[in-house]
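Everything below concerns the one structure shown next.
Labels below follow one simple rule: chain letters A, B, ... track the order of the sequence lines, proteins then strands, and each chain is numbered from 1.
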Number of protein chains: 4
Amino acid sequence: MPISKKTTTDKQAPGRRGELLATAAEVFAAQGYTATTVRRIADAAGLLAGSLYYHFDSKESMLDEILSTFLDELWAGYDAVLAARLGPRETLEALVTESFREIDRHRAAVAIYQREAKDLAGRPRFGYLAESQRKFERAWLGTLERGVADGTFRADLDVRLAYRFVRDTVWVAASWYRPGGAHSPEEIARQYLSMVLDGIAVRT
Amino acid sequence: MPISKKTTTDKQAPGRRGELLATAAEVFAAQGYTATTVRRIADAAGLLAGSLYYHFDSKESMLDEILSTFLDELWAGYDAVLAARLGPRETLEALVTESFREIDRHRAAVAIYQREAKDLAGRPRFGYLAESQRKFERAWLGTLERGVADGTFRADLDVRLAYRFVRDTVWVAASWYRPGGAHSPEEIARQYLSMVLDGIAVRT
Amino acid sequence: MPISKKTTTDKQAPGRRGELLATAAEVFAAQGYTATTVRRIADAAGLLAGSLYYHFDSKESMLDEILSTFLDELWAGYDAVLAARLGPRETLEALVTESFREIDRHRAAVAIYQREAKDLAGRPRFGYLAESQRKFERAWLGTLERGVADGTFRADLDVRLAYRFVRDTVWVAASWYRPGGAHSPEEIARQYLSMVLDGIAVRT
Amino acid sequence: MPISKKTTTDKQAPGRRGELLATAAEVFAAQGYTATTVRRIADAAGLLAGSLYYHFDSKESMLDEILSTFLDELWAGYDAVLAARLGPRETLEALVTESFREIDRHRAAVAIYQREAKDLAGRPRFGYLAESQRKFERAWLGTLERGVADGTFRADLDVRLAYRFVRDTVWVAASWYRPGGAHSPEEIARQYLSMVLDGIAVRT
DNA sequence: AATGAATGAGCTTTCATTCAT
DNA sequence: CATGAATGAAAGCTCATTCAT
C-alpha cells in the first residue's frame, strides 16, 4: 500500500476538495442523498455547512462529482476488459472481478449509485447515468448472448433475466461489503462466479 | 376476495384508507421515502395534503403501516413453508417461489423495504424490521446449512456469501419487476432457481 | 368611495392574496426589493415567513404580480387616451393626468418600478418590462414629434431629451407623492403641465 | 489635472484604493448597493473578495467614501455658485449647469445617491446625506422664492412643487446619461434650462 | 497586497403538521 | 371528510467578514 495520510476514504481526488467529496460520499451512502443534510456532511468533515459552498456549488454538484468520478473509473476498467476481446466466459469473469474491485475502491459511490441512479437518470444534469446504464446493458447482455451462441452458457434461460440476475447480484454487494474485511475483492469475485456459473447445488 | 374498484395497486386494505396507503406506497417506491412529500401523495390521491391527517397520524405511520402489513403477509407465507419441514432444496424452492409471489402482490412495499429498511431498522418504531431480518437470516441460512450438511448444496462455498447471494438475487427483482408483465411470478421463480441451483454455464 | 374594510393599500386584488400583495408592495417600495426580506413582509402582514409560500411561489413572483398588475392597469388607461386620437397637446395633457392618477392608485408599484425596472428588464420573466418601456417611448415620443410637426411644441429642442425630461419629471413624483395629501392627482397634473408646457419663468 | 492611467472611471482618488472605489461605484450604480455582492466588486476589480478588506473596512465604508467624496465636490461647486450672489435666474442656470457637470464627472456616484439616499439618510453614519438634502433644499428653494419675489419666476406656481420639479428634472438625468455621449454637460444643461424656464410649448 | 479557506449570521424556501370551518 | 390557511422547524444556500500564510 502506498504511503498516504488518508485513512477514511476511497476517493482519490487530491486536496481539500477530494477529502470533502469522500466524506460526502460516505454520508450519502449511509443515509441516502435526500435524507442527508448539508450540515451533516459539514459536521462529518469538521467545518460549517456554509463553508462547503466555498468548494462546491451545491449539494447536487457534490453528488454529481462523486458519481461521475466513479463512473469514469468504472468505464476505464470495463473498457479495458472489453477491448481485450476474450471469450464470453473469460469476459464475464473479468467484468465481475473488475466490478468487485470497483466496489472495493468506491464502495460509497457504488452504494449511492444503487440507491439513487433510477430517480436521478431522468434529470438532465445526470443524463450520463442513463447513458452508462445503456452501455452497461450492452456490455453484459452482449457477453451473455455471445456465450449462449457459442455454447458456453445455457440456451434454456431467458437471457434478459440472466442479465438482471448477474448485474444485480454483483452490485448489491456494495450494500454489505466493507473494504478491509475477511475477503479480498478477488476472492469474493471467485465465489460469486462459482455460484453464478455452476450453481450452488451439488452436481448429480 | 372482496369486491373492489381498485385496479392499480397491490394493497388489500379496504376503503379509503387502503386506497390512500396504496397510493402512498407507490409514491414512496418511486421516489424514496424521504424524498416523497406528503403533498405529492395527496396530489396522487386527489386531495389536499392536510386532509391526509384525517386518515393517518403522520407520514411515518403510513410507512409503518405499509411495511408492517407487507411483512405480516410475507411471514404468513414463509412460516407456512417452514412449517412443512421439507428437504433443503424443496424448502429453498418454496421460499423463492413464495418470495416472488410477494413481490407480485406487494411490489411497492418490497421496493420500499429494500431501499429504506437498513436506515429504519434502528428506530424503535421499526424494531420489527430488525427482528424480521434476523428471522429471515435464520430461515435462509438454516436452509442452506442443512443443505450443505446433507450434501444437497456444495460444501466448498462460503455459506454466508451464498446466503447474501440468494437473498439479494431474489429481492432485487422488486426494483424492475412489473406485475402483469411477460412472466408470472412462478415462472420467474423457476428461472431464478435454475440459475441459482445449477448456474448459467453449460455443464461439461 | 365604495364601502371597504381595506385601509392600508392601493391594490384592488381581492382576498388574502390581494392584501398580501399590497403589503409586499409597500415594503418593497420602502426598502427596495433586494433589501426587503420575506420575513419583513410577513411581519408587516401578520403571519410567518413560511406562510407566504402558501400564497406565492417565491419572493420574485410577488414582485412579478405587483408589477404586471400595475402595468396592465396603466396600459388600459394609456390605451384609452391614445385611442381617443386627440391633438398632441391634449394627448400630452391626458397622458400626464392619467399618469398622476396611476401614481395615486399604485404609488407603491410605481416606486418599485422606478427603482428596479432597469435591472429587472433583462431577466426573461420580466421581459414585459422592456416591452412596456418600448411602448412607453413610442407613445410619448410620438406625441411630442406630432406636436413639433404641427407647431404645437417648440422645434428647437432635442425631442429625445424632451421625452426623457417629461417622462422622468412625471414618474419621479412617485418617490415623494403621498395619497391623500394636500393635492389631488389632477391638481398636481395641472401644475406639472403648466411648468412643462410654459416654463417657470415669467413671459417677457 | 494629475497624470492618470485611468480611463474608465470618474473617481479621482489616486492609486489602487481609488481604482477600487471607482469599480465599486460602477457596480453599485448598475445593480444597487444591497444587490451588489462584495464578490462582484472583487471580480470586476480582478482580485478576491477577501482582499478588498485590506483596502476597506467594509462594504458600507466603500459606499460611504463614494458618496461623501462626491458630495464634497458637489458642494464645492454649489458653494462657489451661491457665493457669487447672482440674480435668481442666473443662479438657477449656474446651479443646473454645475449639476450636469457633476453628473458628467461622477455619474456612478450620482446614480447611487439617487437610488439609496432616502434609505441611507436615517443611519447615523450617513447623517451627512440628510444634511446635504437640507442644504440642497435651502439653495434651490431659496433661489426660486427670490425669483418669485422679484418677478423673475411665475407667482402662480406652488413653489415646493416647482422645487421638486426642477430638482428631479436635473438629477434623474444620471440614470440615462453616459459620459462621452452626443451632448456635453453644458449642452444638456442649456436644453434643460430652456424647457424648465420657457416650457416646451410654442408661445402664442 | 493578495490568496485560500473558513466563519456565522441570516436569507429564501420547503415541509410535516395543525386546526377552524 | 375535506379545505384553506397557517405554523414552526429545518433545509440549502448566500454573503460580509476574518485571518493565517
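- Using modelled atom types, one side-chain atom of Arg17(A) and one backbone atom of His55(A) make a donor-acceptor pair closer than 3.5 Å.
- Note on Tyr54(D): every side-chain N or O is 4.0 Å or more away from OP1 and OP2 of dA1(E).
- The distance from atom CD of Glu19(A) to atom P of dA5(E) is 11 Å, rounded to the nearest whole Å.
- Contacts between residues 111-128 of chain D and DNA chain E, defined by a heavy-atom separation below 4.0 Å, involve no residue at all.
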Pairs under 3.5 Å (Watson-Crick or G-U), crossing ones as [ ], inter-strand ones as |: DNA chain F comes out as .||||||||||||||||||||
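- Distance alone, capped at 3.5 Å, places no donor-acceptor pair between the Gln114(A) side chain and the Ser175(A) backbone.
- Taking atom CZ on Arg17(B) and atom P on dA2(F), their separation rounds to 13 Å, with Å as the unit.
- Nearest nucleotide to the Arg16(C) side chain, out of dA6(F), dG4(F), dA1(E): dA6(F).
- Among the heavy atoms of the strands lying under 4.0 Å from Leu47(A) are primed sugar atoms or P, OP1, OP2 only; no base atom is included.
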Base-contact (B) and sugar-phosphate-only (S) positions in nucleotides 14-21 of chain F, heavy-atom cut-off under 4.0 Å, - elsewhere: BSSBB---
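- A 4.5 Å side-chain heavy-atom check between Leu129(A) and Tyr113(A) finds at least one atom pair inside the cut-off.
- One side chain, Asp64(A) or Tyr128(A), offers a donor N or O that lies under 3.5 Å from an acceptor on the other.
- To the nearest angstrom, P of dG8(E) lies 15 Å from CG of Leu52(A).
- Going from atom CG of Leu48(A) over to atom C1' of dT7(E) covers 6 Å, rounded to whole Å.
- Minimum interatomic distance between Ala45(A) and Arg16(A) (heavy atoms only, all atoms of both residues): O-NH2, 3.8 Å.
- Counting to the nearest Å, the C1' atom of dT12(E) and the CZ atom of Phe28(C) are 12 Å from each other.
- Residue His55(A) places none of its side-chain N or O atoms closer than 4.0 Å to OP1 or OP2 of dG4(E).
- For Phe56(C) and dT14(E), the CZ to P distance is 15 Å, given to the nearest whole Å.
- What separates CZ of Arg40(C) from P of dT12(E) is a distance of 12 Å, to the nearest Å.
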